[in-house]
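Throughout, numbering of the chain's residues begins at 1 and tracks the sequence. All ligand and atom numbering here is 1-based and tracks the order in the structure.
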Amino acid sequence: MTDFFDIHPRLMELSRRAEELCVPAFARIAENEEYNGQKVLAAFRKAGISEAHLKGTTGYGYDDRGREGLDAVFAAVFGAEDALVRHTFVSGTHALATALFGVLRPGDLLVSVTGAPYDTLEETIGIRGSGAGSLTEWGVKYRQVELLPDGTPDHAAITEAAKEARVIYIQRSRGYSLRPSLSVEVIGHIAQAAKEQNPGVIVMVDNCYGELVERTEPTQAGADLMAGSLIKNPGGGIAPTGGYIAGRRDLVEQCADRLTCPGMGREVGCTLETLRGMYQGIFLAPTVVAAALKTAVFAAAFYHLLGFEVNPAYDAPRTDIIQSVLTGSPETLCAFCRGIQKGAPVDSFVTPMPWDMPGYDSQVIMAAGAFTMGASIELSADAPLREPYAVWLQGGLTYPTGKAGVILSAQQMAEEGLLKL
Ligand SMILES: *Cc1c(COP(=O)(O)O)cnc(C)c1O
């Protein structure tokens with residue numbers, strides 16, 4: 001690295017030591033990469049994807065074989081009955097909101113069982129902001145089961161809440177919190193317990209950042225519906241936009257009616273020139289997710305050696321691609337982000353600044369220099385400017401460049417006099 005960047009020798013030494021610590025975790029990541037890569041290949045074969053599928057349609061998009069094939073590939077990869085994969089989902093929040101509005105009706109009770117949902121969902125539900133157009137305004141009731149003090153789900157309270165719920169909502173990833181991400185196994189336990197209480201309950205999972213990290217997905221462990229973003233894991237860094245919903249066929253149909261309109265559902269929606277990138281993205285996703293995971297594990301080991309508190313630890317099991325580092329001060333946090341920005345292939349020369357991002361309730365600083373605007377499967381760091389000044393790092397299309405970005409973040413802190421070496 002010293003050939004191309006002017007890195008402090010002490011940081012280079014620590015990075016070598018960090019990489020030694022990573023050996024067992026890297027081996028586990030490589031095993032899952034191979035398993036999931038072959039799973040994706042098998043899904044393409046099962047769906048019989050041909051060159052014709054890669055070409056899009058215009059106008060109404062009736063009989064779009066490429067769109068149907070992509071749905072089939074995602075369904076097979078996720079072990080789900082059905083999937084709805086569309087470039088017209090503008091974000092993960094949009095896919096999640098479509099799923100919630102798709103299956104909930106006035107008078108139904110939605111229970112989030114992993115505490116507060118991801119910031120952007122609060123306005124969708126109607127627990128923040130004016131409430132206009134929210135689920136609450138439509139007469140959907142909402143309750144929240146808090147996580148236990150150690151950040152794990154409160155199984156007893158969840159079981160109780162499931163009795164009256166129409167939808168049990170589980171967030172797999174940590175989001176902007178310091179709690180651990182949930183494993184597919186734990187999601188399965190929650191789903192099973194909820195259905196024992198209430199067989200009609202719909203178990204829905206916010207699967208953002210979790211896809212292809214483990215060998216199975218929530219839809220293979222009892223979740224009825226899940227959704228996520230294509231500019232995160234399952235887009236493989238190639239899909240330029242979009243989201244997906246996957247799960248039980250009857251529920252996916254309801255979501256399709258909400259996405260377009262009742263009576264048309266999934267039969268319309270042209271794909272323009274978007275299909276090739278989405279197919280290529282899911283095909284590459286297992287390898288890109290592995291690169292992102294290795295980058296996260298490396299960051300955990302490296303910042304641990306630098307004396308920072310990190311979460312999760314380098315040797316901890318992982319079920320999402322997020323790494324947090326507790327920087328301790330707003331200055332160090334901003335320096336970290338400036339360093340990550342310097343390690344970006346695009347816009348390496350810009351200086352990230354905190355701003356009032358729509359949907360978030362405190363100022364946020366983001367470092368990202370991505371081929372796809374806002375894509376957090378590419379190396380990026382985000383942090384709300386609030387205690388304890390934790391920064392969340394995610395992505396990395398390749399491990400060599402992800403690792404370089406992480407080292408540059410520490411180099412930036414050192415250059416600003418915020419790190420003693
Ligand atoms: C990214 C994310 C979302 C959706 O965010 P968008 O920016 O709208 O794609 C929802 N939940 C979690 C946990 C996320 O990480």
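Ligand 1 has at least one atom lying under 4.0 Å from a heavy atom of K232. The shortest separation from a heavy atom of L96 to ligand 1 is under 4.0 Å, placing the residue in contact.
Ligand 1 has no nitrogen or oxygen under 3.5 angstrom from a nitrogen or oxygen of G175. Residue Y118 has no N or O atom closer than 3.5 Å to an N or O atom of ligand 1. In terms of polar-atom proximity, defined here as any N/O pair under 3.5 Å, S91 does make such a contact with ligand 1. The shortest N/O to N/O separation between T93 and ligand 1 falls below 3.5 Å.
Atom CG in L84 sits 5.5 Å away from atom CZ in R266 (nearest 0.5 Å).
Y279 has its ring centre no less than 6.0 Å from the ring centre of F283. In summary, the aromatic rings of Y303 and F336 are positioned with their centroids under 6.0 Å apart. Aromatic rings of Y399 and F26 (six-membered ring for Trp) have centroids within the 6.0 Å cut-off, being under it.
Per-residue contacts place Q171 under 4.0 angstrom from the following atoms of ligand 1 (heavy atoms of the residue considered): 13 (C). Ligand-side atoms of ligand 1 in range of Y209: 15 (O), range being under 4.0 angstrom from any heavy atom.
Scanning the protein for heavy atoms near atom 13 (C) of ligand 1, the closest one is D206 OD2, 3.4 Å.
One finds a salt bridge joining E122 and R128 here, because a Lys/Arg side-chain nitrogen approaches an Asp/Glu carboxylate oxygen to under 4.0 Å.
The only option from Y244, F89, F101 that meets the ring-ring contact (aromatic ring centres under 6.0 Å, His included) definition with H94 turns out to be F89.
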